[in-house]
Amino acid sequence: MKLNIAVLAGDGIGPEVTEQAIKVLKAIALEFDHSFLFKSAPVGAIAIDEQNDPLPDDTLALCKSSDAILFGAIGHPKYDNDPSAKIRPEQGLLKLRKELGLYTNIRPVKAYDTLLEKSPLKRHIIKGTDISIYRELTGGIYFGEKQISEDGNTASDLCEYSRMEIERIAHLAFKAAQSRSKKVTLVDKANVLETSRLWRKVVTELATEYPDVELDFLFVDNAAMQMILNPKQFDVILTENLFGDVISDEASVIGGSIGLLASASVGDKYSMFEPIHGSYPQATGKGIANPIASILSAAMLLEHFDLFDEAELIKEAVEKSLKLEITTPDLNATYDNITTSKVGDFIADFISNPTDTNINFNNIHLGQSTII
């Protein structure tokens, strides 16, 4: 298969982790005789610095002409710490989602057996957790009308949803549940919000088309609590934009590091794949950023194009890296010589040499920097 992939590495650690995802995709292409062509473009703070625009026209045009987008991270302290800034890196990402119609964000959350002790939650609580969060991505309060009074003392953000916006992502969530544990949990605030009551009405009506899937409801405050008390109760979580943003970041603590969580943002025509972590500017250039979320996002890209064997091999390589503790300091402080790049090297080498990699990469623990 031939794929043209737009690379929007972005800011902070974005370029470092994205480089490892590309390294792994190149190994997959070589092993399975595919052709993946990568072309880069600026987005976020770096694009503002270069062109005074967080999403330049040329970047958007590249995305629209590509088969898929591999995204890194955006954000910089000079914008994060300045609430008065009129142009912000996040505006580029929001515009990209809207322009490409990326209305569904899919975030897998898994508790790896080899990392159960790394989580701040107790082992018996998280063991066996396997959740897929479906977050609506182009509607709600993030895109609603925003107002601030002339004196600057009163502000408002409009949260608005239509039946169509709810139906299209709900169908995807129910279909995903059919191939998993056949349960969808709608997370909302229907006891207070009119938009949430519309979500309940529409999703309940839609559920009749999927009689093999159980539909459950939780208010978002209770869902946040249940995510910590008993995450294993969830299969597919369906929710609106703001609640999905919060719930999925909360879920990141289950695996022990936000550096493990990948995501896919998909629409009817375009698709984008990115780790859910931020730009982590404090770690930029230090080689300590965890690239696994970006690498697993690359696996989701392959799955999107029905390259399931290829994606499974990446996941197997990631599992092996975790088992052998070929991981960055967020998960393993014992071997401080294992850098972002070395994790990528290991996973790429496993793809090419799955039977030999176990032996070869033990040398990393001894301070070796190359594969032998």
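Given the structure is predicted, the values throughout are model-derived calculations rather than measurements.
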Closest heavy-atom contact between [X] and [Y]?
{"X": "P54", "Y": "V43", "value": "O-CG2, 3.3 Å"}
{"X": "F350", "Y": "A317", "value": "CD2-CB, 3.4 Å"}
{"X": "T129", "Y": "P231", "value": "OG1-CG, 3.5 Å"}
{"X": "V24", "Y": "G344", "value": "CG2-O, 4.3 Å"}
{"X": "I141", "Y": "C159", "value": "N-SG, 3.8 Å"}
{"X": "V17", "Y": "A289", "value": "CG1-CB, 4.0 Å"}

| Salt bridge K64-E99, side-chain N to carboxylate O under 4.0 Å |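 The answer is yes: the pair qualifies as a salt bridge.
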| message | Does this structure show an ion pair linking K182 with E214, if we count only N-O contacts that are shorter than 4.0 Å? | response |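 Here K182 does not pair with E214 in a salt bridge, since their nearest N and O are not under 4.0 Å apart.
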Take atom [atom1] in [X]; do more than 12 heavy atoms of anything else shown fall under 6.0 Å from it?
{"X": "K146", "atom1": "NZ", "value": "yes"}
{"X": "K26", "atom1": "NZ", "value": "no"}
{"X": "Y280", "atom1": "OH", "value": "no"}
{"X": "K78", "atom1": "NZ", "value": "yes"}
{"X": "D212", "atom1": "CG", "value": "yes"}
{"X": "N191", "atom1": "CG", "value": "yes"}

| Audit row: L8, C63, side chain to side chain contact (heavy atoms under 4.5 Å, CB included) steps and yes/no | CA-CA 9 Å; L8 277 57; C63 292; 3.8 Å; yes
Gap between atom [atom2] of [Y] and atom [atom1] of [X] - 0.5 Å precision:
{"X": "S66", "Y": "F38", "atom1": "OG", "atom2": "CZ", "result": "11.0 Å"}
{"X": "L331", "Y": "S257", "atom1": "CG", "atom2": "OG", "result": "4.5 Å"}
{"X": "I126", "Y": "L121", "atom1": "CD1", "atom2": "CG", "result": "6.0 Å"}
{"X": "E274", "Y": "N105", "atom1": "CD", "atom2": "CG", "result": "7.0 Å"}
{"X": "M272", "Y": "L93", "atom1": "CE", "atom2": "CG", "result": "5.0 Å"}
{"X": "F346", "Y": "K23", "atom1": "CZ", "atom2": "NZ", "result": "13.0 Å"}

When you compare the side chains of [X] and [Y], does any donor N or O come within less than 3.5 Å of an acceptor on the partner?
{"X": "E136", "Y": "Y161", "result": "yes"}
{"X": "Y142", "Y": "D157", "result": "no"}
{"X": "S248", "Y": "R107", "result": "yes"}

| task | Could you point out which residue of L322, I338, V318, N290 forms a side-chain contact (heavy atoms from CB on, under 4.5 Å) with T327? | result |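 Single pass found, and it is L322.
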| task | Could you walk me through whether V7 and F71 pass side chain to side chain contact (heavy atoms under 4.5 Å, CB included), step by step? | result | CA-CA 6 Å; V7 179; F71 195 93; over 6 Å; no
Given the ring of [Y], does [X] sit roughly above its face, with NZ or CZ under 6.0 Å from the centre of the six-membered ring and within 45° of the axis?
{"X": "K189", "Y": "F219", "result": "yes"}
{"X": "R168", "Y": "Y103", "result": "yes"}
{"X": "K98", "Y": "F143", "result": "yes"}

Donor-acceptor contact present, side-chain [X] to main-chain [Y], <3.5 Å:
{"X": "S279", "Y": "G12", "answer": "no"}
{"X": "T239", "Y": "V187", "answer": "yes"}
{"X": "S294", "Y": "P291", "answer": "no"}
{"X": "D11", "Y": "A45", "answer": "yes"}
{"X": "N4", "Y": "D67", "answer": "no"}
{"X": "E16", "Y": "I13", "answer": "no"}
{"X": "E240", "Y": "L242", "answer": "yes"}
{"X": "T340", "Y": "G287", "answer": "yes"}
{"X": "N241", "Y": "L137", "answer": "yes"}
{"X": "R123", "Y": "L116", "answer": "no"}

Spell out, yes or no, whether [X] and [Y] are grouped together once hydrophobic residues are joined by side-chain heavy atoms under 4.5 Å, including indirect joins.
{"X": "L60", "Y": "L102", "result": "yes"}
{"X": "I48", "Y": "L62", "result": "no"}
{"X": "F174", "Y": "L198", "result": "yes"}
{"X": "M1", "Y": "F308", "result": "no"}
{"X": "Y210", "Y": "F217", "result": "yes"}

| message | Determine whether E160 and T195 satisfy the following criterion, side chain to side chain contact (heavy atoms under 4.5 Å, CB included), listing intermediate values before the conclusion. | response | CA-CA 7 Å; E160 187 174 30; T195 49; 5.6 Å; no
Does some side-chain heavy atom of [Y] sit less than 4.5 Å from a side-chain heavy atom of [X]?
{"X": "E310", "Y": "E303", "value": "no"}
{"X": "K183", "Y": "V236", "value": "no"}
{"X": "I46", "Y": "E50", "value": "yes"}
{"X": "Q178", "Y": "V213", "value": "yes"}
{"X": "L186", "Y": "D216", "value": "no"}
{"X": "L238", "Y": "I169", "value": "yes"}
{"X": "I292", "Y": "V343", "value": "yes"}
{"X": "L307", "Y": "H34", "value": "yes"}

| How far apart are the C-alpha atoms of R180 and D235, what are their side-chain angles, what is the distance that settles it, and do they pass the salt bridge (Lys or Arg N to Asp or Glu O under 4.0 Å) test? | CA-CA 7 Å; R180 291 172 51 89; D235 178 29; 2.9 Å; yes
| request: Applying salt bridge (Lys or Arg N to Asp or Glu O under 4.0 Å), run through E209 and K175 and close with a yes or a no. | output: CA-CA 10 Å; E209 300 180 29; K175 289 174 182 176; over 6 Å; no
| field | Check against side chain to side chain contact (heavy atoms under 4.5 Å, CB included), L55 and T59 | value | CA-CA 6 Å; L55 182 65; T59 298; 3.8 Å; yes
